[in-house]
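All remarks here apply to the structure that follows.
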Amino acid sequence: MKKEIPKAYNPQEVEDKIYKKWEESGKFDPDNLELPEDAEKFSISMPPPNATGFLHLGHASMLTYQDLMIRYNRMQGKKALWLPGTDHASIATQTKVEKIIAKEGKTKYDLGREKFLERINEYVENSKNTIKNQTRKMGSSCDWSRERYTLDDGLSRAVREVFTKMYNDGLIYRGDRIVNWCPRCESTLADDEVEHKDQKGKFYYFKYNKDFPITIATTRPETKLGDTAIAVNPKDKRYKKYIGQIFEIDLGNGTHKIKVIADRGIDMEFGTGAIGVTPAHSMIDWEIAEKNDLEKIKVIGEDGKMNVGAGKDYAGLTALKARKKFVKYLQKNDLIEKVEEVDQSLSICYRCDTPIEPLPSKQWFVAVDKKITIEGNKYFQNKSLKDVSLEVVRNREIKIIPERFEKTYYNWMENLHDWCISRQLWFGHRIPVYYKLKVDKVHKVESQEIYIGGKLPENDYKIANVFGSNISSGNIAGVVDKEFKENEMPEIAKEIGASESVFVLKSKNSNYDAEFRFFSKIGEETPLCGHALLAGATSFDKSDLKIKTLAGDIVVQKEDNKIFFQTDKSIRIKSNFSEELPFEFLGIEKEEFELLGIFSIGVPKLIVRIKDIETLRKVNPDFENLKKWNKEKNFSGYCLFVEDKKNKNLVFVRQFNPFLGINEDEATAVAAGALAAFFDNDFIVKQGTENFENEIYVRYKDDKILIGGNVFLKNSEWTQDFDTLDTWFSSGIWTFSTLLDQDHEKYKTFEEWVAGSPDLKKFHPTSVMETGYDILFFWIARMILMTTYTLDEVPFENVYLHGMVRDKQGKKMSKSLGNGIDPATMIEKYGTDALRLSMIIGSSPGNDIKMYEEKIEGYRNFVNKLWNVSRYIILSQKSKVKSQKSEIDYDNLTLADKWILEELDNLIYIVNNSLENYQFSSALEVGDGIRDFMWNKFADWYLEVSKVQEKNDAVLIYVLETLLKLCHPFIPFVTERIWEEMDKNSLLMVEKWPEDKKRCLELIQVNVDFDLLQGIISEIRRIKNENKISLKEKVDVVINSETRKDLTKADFDVIEKNKNIIEKLAGVKSLEFEVGVKKIEGWIHFDHKVSVYVNIGDLIDTEKEIEKTKKEIENIEKYITQIRKKLGNDNFVASAPREIVEKEREKHQESTIKLEKLKGKLELLDN
RNA sequence: GGGCGCUUAGCUCAGUUGGCUAGAGCAUCUCGUUUACACCGAGAGGGUCAGGGGUUCGAAUCCCUUAGCGCCCACCA
């Protein structure tokens, strides 16, 4: 009764079903493994794939290695947990979604923060599902019930808790420092998120002006507009005399001072030996400036374009254009000495390849060098994060495989600078810092009250809104819904902590609709206030307002959303004022703008709406004339903006203040305040620039407003920091945040939470962290840093680093090169098992692996071979396998049985050994691995023999079962499927892993004997083959030994006993053996152990055989000479180990015999 | 500039304290549709272990050096 088993293994039909079966069994969850309490744990935290896009071969390889380890350990009876998840990957995901919406012609500002985040979440949901499905496709036996996402509620709380803890321990601080800024992402980057690209560049040698005594050299002339010093080496004789001198220069952007300073770090050989110090736009210059207390002039803005600091000739230009312009300026003034071509490395963003601008900025940092002591902590006793992170690897608490990466790790860790963790991205964990303004702390940002982590306290006072670029010049505008009393206002201002404040009060005085007070300093009333007007005007429904101010009465008219003002004192504004606007100074036609309103802090300004963005770009003011005009009209400038027709929320504002000179911050504050007031706080105001100097984006609706890094408070609530945390901050706590009890609300404190999380106790530290070496720094290092600190234990015991997957040429796979292989396609074509094998075989820790389709195809054959081996055994069973409980009868085994059992035992040992040492490839293919056993030993020899001798089902089944177990971690699908076919009512996945029994007392003899059989069979086959005799054609064979020395009685017994095997496998008609025969008819060949005489008459090609034999003789003579030389060397005999010498002697003897035989053969052939 | 790695058969790679005439798989060539498998079987050919030097009784393996390739780090302004 034969079962139907397909001839070829068909993975497509099998894999999904098998995976479902595993998943439904619940055995991916270690709690369902029915193990004793004290069973050893084995846990892996799956490196969370980015929640973006698809799984690529890199993921496939990672999943393969981890699944392999998990399955191996699970079968060994350990509590095996593989915890899967995904990472929100803020910068990568946000960039991706930005690209997607760009195809729709939109930017994130078009959508606004909320909608944009919705879009991202939608996208993430989608890719998470894709990733999960593809992870399943790979056969990953991870515990889906414990799946996590970095933005999960629990994980997010963990982030806040850790942040707070670090803050409280003084390890997190907010600092004003130079950071890496990506203009495209509009965000900071950590040092290691910056990549470098080699580039040709020009090296300009020039002087600031004709009389300047020192020439400097630079590749970025445009930054020199922000120079405040020249640094030279103190030993440099050329410049010594200038050190300490201060020069005044003007590069066309106003005068500033240049101080000549000494710095030992300056290379005298390089360039001119003098460098222009640009504190705001170079990391090293920043440090020099810090040391020397230099002024820092910012000339490039967050958009990567020159800002007002560079002067009006440059403001708004891209750095590149500004460079050209500045070089032209230098040429015109004959200041350039020479220009050289040099190789330089350009810093680019690791996510979008945009060149990085170093910019000064206020950001949050993790202090890595600060030494702290935590009571009762085994690591932190006057140690820094860096100290401990180094220590745990140095003392082998964490082992990195391969070891050489430890050096890399040390090197990186030792050079680590404070880690900038704030990002100006929208997607991610908001920094858990809340700000609140208070009276006595209002003057400096540094003294803002800060609330870290957790929930906010109750509101304790009320402000209508606050605006201002910095607190010292910050403004508060409010509508106070109560009767105005003469001396009340200063008190209110004090109470709410305004440094400058405006109040609009509803008046009961019938002459006025409102009254207002503006306080330029606390308690000091002043007459001017544009925001007040706006704030006030918008607070009333009436279209005509009469407002009382200290400056006089103002009439406000609202018409079609426009507001017109008329005052009797400071400004005369008519409703037809737009006619009077100096549009000609702006370089645009009058139809292209309209007056919208007026506002002011000190001096009134106009607010003008421009028709569209294009028009706004055209604006090119004539400052000289504007200045004059302003003076006449008592104006200080304009605020121009464009309202997006489609989306009312998008507004670009451009501020001109030719009268006072432009102060970015103030302009921002003014515009922001005005607009916020005018539009009833419907906007977030974000300082930024696109093409214009001093422009402000009023970008989207929210209840929070950010102005130039400060907050715009509404309703006096605590306001959370707008920035998000570096993605790696949350990844850094991944190993334990995922194991914390997700029902976290029942724990009040972090300590309680940790104590109340059983999984954490059970599975942490994780056993192995398996990942690519490319994220050693990004991730591994940060996990070590964060976990040792937070939990007082390491995140993992071992780190296994795999290499990158590359194409056949060794190139990185990438979409642009089109050389990528899609794992899904490969799985479709060849099956997951084949793909997995192609990942494992030929790979070694830390080394890249080359991947190409032919390789995968090759391993499909491997899988199929196993399938057919099993098919044969299963089909050839006399009785059903199911009831096969019969033990192997060890007393009744044939030579082949014994041989295969010993070989199998040896295989178990090899596989175990390889896996324990993370040598996955060698378990399978290298040397005597699984492949060799399965294919070359079991299939090619044992199964063939078993067709000849009486079948020993018990042996066949035992070997197959064991083989399947050994194969399972590598190729889980096919093995499980075969297991089914064997009618086992169990899952192979949780079968017990084989142990090598070391029962091989007979091993050596068995091997020798079977080797003899194989040798004879191979020899006969070879002879036939070389003489073009079909294997099928039966020949007569005589096996002979000239002397008893090389072929014993026992050998003859073996041959006799297994005669039928030789006859069958080698195609032999009659087999005889003799001793001492010198010559028989026909043809002769020698093996090293036996001589085989094959009687095949005339069919031999004697010439060829003679030649071959001669060559062989030559070779062996050479070899013997070598050995003799060795043995003749007294030094060798004296100093080499005894067993080596003994081996050499044996070799000598054997080859001498062989040589004699070969000579005999030649003699026979010659006849 | 500093660090790490690689170079072994046409290709992909093993070769773990230095000791089999340096091994696999793929590809090549020859023969073969033998009732598990042509996604197969039987056999064969193919390497100055990148070059040079050194240590050693003995080097693919350890040291030095040269060349080529690759990667990482770094503030050459």
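Letters go in sequence order (proteins before strands), and every chain restarts at 1.
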Taking only N/O atoms, report every protein-nucleotides 59-61 of chain B pair under 3.5 Å with atom names and distance.
none

When the [atom1] atoms of [M] and [N] are compared, how many Å lie between them, rounded to an integer?
N	M	atom1	answer
B:rU55	B:rU17	P	23 Å
B:rC62	B:rU56	C1'	10 Å
B:rA67	B:rA27	P	39 Å

Counterpart base for [N], defined by Watson-Crick or G-U wobble contacts under 3.5 Å:
N	value
B:rA67	B:rU7
B:rA36	none
B:rG18	none
B:rC62	B:rG54
B:rC29	B:rG43

Electrostatic pair [X]-[Y], nearest N-O below 4.0 angstrom:
X	Y	result
A:E195	A:K197	no
A:E1139	A:K1143	no
A:E1144	A:K1125	no

Take atom [atom1] of [X] and atom [atom2] of [N], then tell me their distance rounded to the nearest Å.
X	N	atom1	atom2	answer
A:E853	B:rC26	CD	P	17 Å
A:D940	B:rU34	CG	P	16 Å
A:N864	B:rC40	CG	P	7 Å
A:N861	B:rC37	CG	C1'	10 Å

- [ ] On RNA chain B, check which nucleotide each of A:R931 and A:L943 is closest to and give me the residue with the more 5' one.
- [x] A:R931

Task: Summary of protein contacts for nucleotides 6-20 of chain B, nucleotide by nucleotide, where a base hit scores B, a sugar-phosphate-only hit scores S (4.0 Å, heavy atoms) - done: ------SSS-B--B-

- [ ] Consider only side-chain N and O atoms of A:S1030 and A:K1024, and report whether a donor and an acceptor are under 3.5 Å apart.
- [x] no

Open item on the list: Ignoring hydrogens and geometry beyond distance, is a side-chain donor-acceptor pair present between A:N864 and A:Y830 at under 3.5 Å?
Closed with: no

Task: Output field: ring centroids A:Y350/A:F778 closer than 6.0 Å - done: yes

TODO: Verify the ring-centre separation between A:F203 and A:F270: is it less than 6.0 angstrom?
DONE: yes

TODO: Check every strand shown and say whether A:R1021 touches a base, only sugar-phosphate, or nothing at a heavy-atom separation below 4.0 Å.
DONE: sugar-phosphate

Task: N or O in side chain of A:S1018 less than 4.0 angstrom from B:rG43 OP1/OP2 - done: yes

Task: Any donor-acceptor N/O pair under 3.5 Å between B:rC37 base and A:R871 side chain - done: no

